[in-house]
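Written below as structure tokens is the structure these notes are about.
In this chain, numbering begins with 1 at the start of the sequence shown. Quick caveat, the model's predicted, so the values are computed rather than measured.
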Amino acid sequence: MKRPSEISLRARLVLVSVLGLTAGLALGGVVLVGVLNFALLRAVNTEALETARGVAKLVDQKSLSERIEVNPALQVQVIDAQGRVLALSPGADRLTPMLYPDELRDLADGQVRDIPGSRIGLVGGGARVVMVTAGPPTDPVRVLVARSTNDLSQGVHILRLALVVTFPLLIALLAVVLWRVLGAVLHPVDALRAGAEEITGGTREGRLPVPESRDEIHRLAVTLNGMLHRLESARVRQRAFVADAAHELRSPLTNMRTELEVSQRLPDTDWQALSHDLLTDVDRLSRLVDDLLLLARADDGGGRAISAPFRSVDLGSLVGDVADRYPSVTYVRPSAPMEVTGEPDALGRVVANLLDNAVRHAKSQVRVTVTAHGTYRLISVTDDGPGIPAADRERVFDRFTRLDDARARDAGGSGLGLAIVRELVRRHGGTVGLADAGPGLRVDVRLPALR
């Protein structure tokens, strides 16, 4: 026997649905039989009681004849205090009352009692007898009206048989319909599974089949395809990142290896100059490794690109401290504090990367300003260099992107500076953009002001 985990979802859904329908139909059948039986018994009681009251009214009016004409399904007896039958309907016993003396004694006016059908001449089955008191209080009589319940029992029995026969057929039919319907509903899911298996096996492109119906499964397929597209894009970016990082790391390592191999073959090697060149390459490697580590932490999510907690920072003082390291940079400190919420080291790295980039490409001067613009604080770094064409201003924020004039080794750029700037600014809730400086380039960084 298969374990529940080995049964298909389609079979489990059909099984659960059939069990639910069976329980519901069984409960409904029991309620239906019970309600029908109650309604029929109530109708029998009402008919017998109304007949008994009609006969009692005739007794009270002293217009009752010895032969009482009533519905053939009913039997009526009028008996006195001694149990003698004074009047009766056709078919009723003339000598023996329907109820025994002890039954009459315990029976209140208008109440009903069940008796065997044999007492009123029926073969099998049962009957219900209602009793109503009539006549003067000094000489009361009792009106007994009996109604057979055989037809009632037969009707309920037929209903039970019909339910017993039809319920299994109905459940089987519903199971077949559910199997077909669920098969049609789950077919797109199975197609998604098959597509995912083919994608995992590498036998098809990274897209799942999208059903034509505009339902939840269609939206699921669209969402999964979007996820696959993002995963594929991330994988492509990761491959490119690894390839570019390997290329960038290989260049200074190759240069260091070449210098060391040459120095081994030259007896009069200038070791001081060699050590200076090697330290330059080591510094370049160190900066590149730090940049790669920061971007890797940023890709890991959760804000790990910035490890220290945020606090209030005077942007004017911070930019001034960084600008003091660059003799060619012109900076005038703002007269009022320019406070933002951020991490000082991360914001300092943003400013340093922008100034490094500006100094590297400027012809003669670099200017940096910090101003207030409503709810933002604006850092503007302007240089008089060649600038960046409008078509490339978004591309330069990609990792390892360097324009042709920036690829010289002595420039020291790795193509990660602006990518780090955008990531750190985004972590602070700000934006960064490029614009013409006429001539040159202006980089604008907007950070939310401290509230």
Side-chain angles (χ1 to χ4, degrees), residues 229-230 232-234 236-241 243-245 247-248 287-288 291-292 294-295 298-299 305 315 319 322-323 326 328-332 338 340 346-347 349-449:
H229 175 71
R230 291 189 295 272
E232 178 65 20
S233 299
V236 171
R237 288 196 303 270
Q238 183 182 24
R239 286 182 176 178
F241 183 80
D244 291 337
H247 176 75
E248 293 294 334
R287 289 195 304 271
L288 180 58
D291 291 344
L292 292 174
L294 186 146
L295 291 175
D299 290 340
L315 203 57
V319 173
V322 178
Y326 301 85
S328 61
V329 174
T330 302
Y331 175 66
V332 179
M338 298 289 176
V340 297
L347 294 176
R349 186 162 191 176
V350 169
V351 177
N353 283 4
L354 294 178
L355 293 180
D356 284 339
N357 190 68
V359 169
R360 187 180 305 120
H361 297 94
K363 293 180 180 179
S364 59
Q365 63 176 353
V366 176
R367 185 174 69 257
V368 58
T369 60
V370 179
T371 55
H373 282 258
T375 59
Y376 286 87
R377 299 294 180 259
L378 178 65
I379 305 174
S380 296
V381 178
T382 307
D383 65 74
D384 58 353
I388 297 177
D392 295 327
R393 288 176 186 169
E394 184 65 26
R395 186 170 64 90
V396 294
F397 288 103
D398 296 336
R399 300 171 186 182
F400 296 108
T401 298
R402 294 177 296 177
L403 304 183
D404 291 340
D405 59 352
R407 291 189 180 275
R409 174 181 173 270
D410 56 2
S414 63
L416 296 176
L418 290 179
I420 292 175
V421 167
R422 169 171 279 186
E423 180 62 30
L424 293 178
V425 170
R426 186 182 67 84
R427 299 280 180 176
H428 284 79
T431 59
V432 58
L434 306 181
D436 287 324
L441 179 71
R442 187 181 79 247
V443 183
D444 294 327
V445 175
R446 289 179 173 82
L447 296 171

Answer yes or no: is there a donor N or O on one side and an acceptor on the other, between the side chain of R393 and the main chain of I388, under 3.5 Å?
yes
Testing the basics here: between S328 and V359, what is the closest heavy-atom pair and its distance to 0.1 Å?
OG-CG2, 4.0 Å
Heavy-atom check, side chain of R349 versus side chain of I420, under 4.5 Å
yes
Please name the pair of heavy atoms, one in H428 and one in P448, separated by the smallest distance, quoted to 0.1 Å.
O-CD, 3.5 Å
All heavy atoms of Y331 vs all of V370, minimum pair found to be OH-CG2, 3.8 Å
Acceptor/donor pairs from residues 351-358 side chains to any protein atom, 3.5 angstrom cut, sequence neighbours excluded:
{"from": "N353", "atom 1": "ND2", "to": "G417", "atom 2": "O", "distance (Å)": "3.3"}
{"from": "D356", "atom 1": "OD1", "to": "Y326", "atom 2": "OH", "distance (Å)": "2.6"}

Does any non-hydrogen side-chain atom of L347 lie less than 4.5 Å from one of L447?
yes
What is the minimum heavy-atom distance between R446 and L378, and which atoms define it?
CG-CD1, 3.7 Å
CG of D444 to OG1 of T431: how many Å apart, nearest 0.5 Å?
8.5 Å
Identify the two heavy atoms, one from V366 and one from A362, that lie closest to each other, and give their separation to 0.1 Å.
CG2-CB, 3.6 Å
For F397, is the NZ or CZ atom of R422 found under 6.0 angstrom from the centre of its six-membered ring and inside 45 degrees of the ring axis?
yes
Do side-chain atoms of D384 reach the backbone of K363 as a donor and acceptor pair under 3.5 angstrom?
yes
For R367, is the CZ atom crowded, meaning more than 12 foreign heavy atoms sit under 6.0 Å from it?
no
At what distance, to the nearest 0.5 angstrom, does OG1 of T371 lie from CZ of R377?
9.0 Å
